[in-house]
2 protein chains.
Amino acid sequence: MRPSKRDELVRKALTVFYRDGFHATGMDTLVLETGISKTTMFKHFRTKEELILAVLRLRDENFRNWLMRRIADLSPSPAGQLIAVFDALGEWFAEPDFRGCMFIKAAGEYPEAGHPIHAQSAEHKRLLKKDLEAMARAAGATDPGLLARQLLILKEGAIVAAHMGFDPDPSQAAKSAAQALLAQALGAGAAG
Amino acid sequence: MRPSKRDELVRKALTVFYRDGFHATGMDTLVLETGISKTTMFKHFRTKEELILAVLRLRDENFRNWLMRRIADLSPSPAGQLIAVFDALGEWFAEPDFRGCMFIKAAGEYPEAGHPIHAQSAEHKRLLKKDLEAMARAAGATDPGLLARQLLILKEGAIVAAHMGFDPDPSQAAKSAAQALLAQALGAGAAG
DNA sequence: CTGTATATGAACTGATCTGTTCAGTTTGAT
DNA sequence: ATCAAACTGAACAGATCAGTTCATATACAG
């Protein structure tokens, strides 16, 4: 348990960056909000960017683990789990501290594709797509790649809708769309 | 043509904010990139926030006008136009300066729902939803509100996918999903 | 030609930004 | 008890932040 201060910093910085944004959060703010000295911060991370990258790594791990475990709890079958994704999203959206997707926000604040923060955010989405595609294949979809892409697009759209508040129940709207797409992807295979 | 400098400022500031982000763009950068003096800027807008709001108003007008005209050119029927939305998106994604949705980014950088910039960004999406819902109603969808919400979620997801680059052809994936949803929304009406 | 509105550059405020330096303190293992 | 590693606060650097001030310049209408 040696590097506990580092983990504590990353964990607490995550909540501040998520709440206020990356550019809007200064290192002095992090000193106040984490109670960790600036000297220690810059001993563990040479730059703010490195800290952000560590935060995003933690977020990726936390989020994907949470989602996969949640949908496994909600449904035993791969097809059911693909739909349960949107029930899990609905639970997330209802949390009082929900502020949208940290990776979408990171990619927005660092908009160049080549920027490390942007690239790492995109990687999180690619990993999600791989997870969905494996489930779509296990469910017996005719084109698991396409279904995974469509469901991922629905997921990202629902998150944006929930954060910006222009849809009264984005997870439900996305879920009904996902059901139609899944039925089509399974039905076509059975019929062909 | 009296307030031409003001319009010029808003137009040029839009490209810089869109390219680099809001917090990342300082007023001195705008002086360099627009060639307009800081004194003039702060005569037209009392704060940076007011300038951003004007930029977002222009962006809303430009984008919605462009989208509606483009889909009207691509298809004569409401149902065809709902699908053409995703062809139009594909053209936008292919532009070299494409950097995602300015309103999603604005809402990300100003994450509090009550913030004027966040609220105005959300309003843009609500106006888009109204446009889509009118088209869905004209197309004869059983539940025009639901179809509009689903298509809007697909649109936002496709934009995120295009910006973050985790889908090889997001507009096509979203379009095929939209076709399935539209067919369901029209078919159910004909069958019932 | 004159008066008014608009635009300009440059300097300035005071705060905040990322990152550094340094001298001293806490911590934990041996 | 000792020693090294980790942590601390505070001051500092130099740049940049939003926004102001002021004296001057340009444009245009009567």
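Residue numbers begin at 1 in each chain, while the letters A, B, ... track the order of the sequences. Predicted model, so just to flag it, every value in this text is computed and none were measured.
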Measure from [atom1] on [X] to [atom2] on [N] and round the result to the nearest Å.
{"X": "A:K48", "N": "D:dA15", "atom1": "NZ", "atom2": "C1'", "value": "15 Å"}
{"X": "A:L51", "N": "C:dC17", "atom1": "CG", "atom2": "P", "value": "15 Å"}
{"X": "A:R46", "N": "C:dG19", "atom1": "CZ", "atom2": "C1'", "value": "12 Å"}
{"X": "A:F45", "N": "C:dG19", "atom1": "CZ", "atom2": "P", "value": "13 Å"}
{"X": "A:H44", "N": "D:dA5", "atom1": "NE2", "atom2": "C1'", "value": "11 Å"}
{"X": "A:H23", "N": "D:dT16", "atom1": "NE2", "atom2": "C1'", "value": "13 Å"}
{"X": "B:F22", "N": "D:dC17", "atom1": "CZ", "atom2": "C1'", "value": "17 Å"}

Between A:Y110 and A:H23, how do the two ring planes meet: parallel, tilted or perpendicular, split at 30° and 60°? parallel
Tell me which residues in residues 24-43 of chain B put a heavy atom below 4.0 Å from DNA chain D, sorted by number, or none. B:T25, B:G26, B:M27, B:K38, B:T39, B:F42
Results of salt bridge (Lys or Arg N to Asp or Glu O under 4.0 Å) for [X] - residues two or more places apart only:
{"X": "A:D28", "result": "A:K38"}
{"X": "B:R19", "result": "B:E33"}
{"X": "A:E49", "result": "none"}

Salt bridge (Lys or Arg N to Asp or Glu O under 4.0 Å) pairs touching residues 97-120 of chain A, sequence neighbours excluded, are none
Under 4.0 Å between a side-chain nitrogen and a carboxylate oxygen: does that hold for A:D60 and A:R64? yes
Is A:E133 salt-bridged to A:K130, going by a charged N under 4.0 Å from an acidic O? no
Joint hydrophobic cluster, A:L9 plus A:F42, side-chain heavy atoms closer than 4.5 Å: yes
Inter-axis angle, terminal five-pair segments of the helix from C:dC1-D:dG30 to C:dT30-D:dA1 [nearest 10°]: 20°
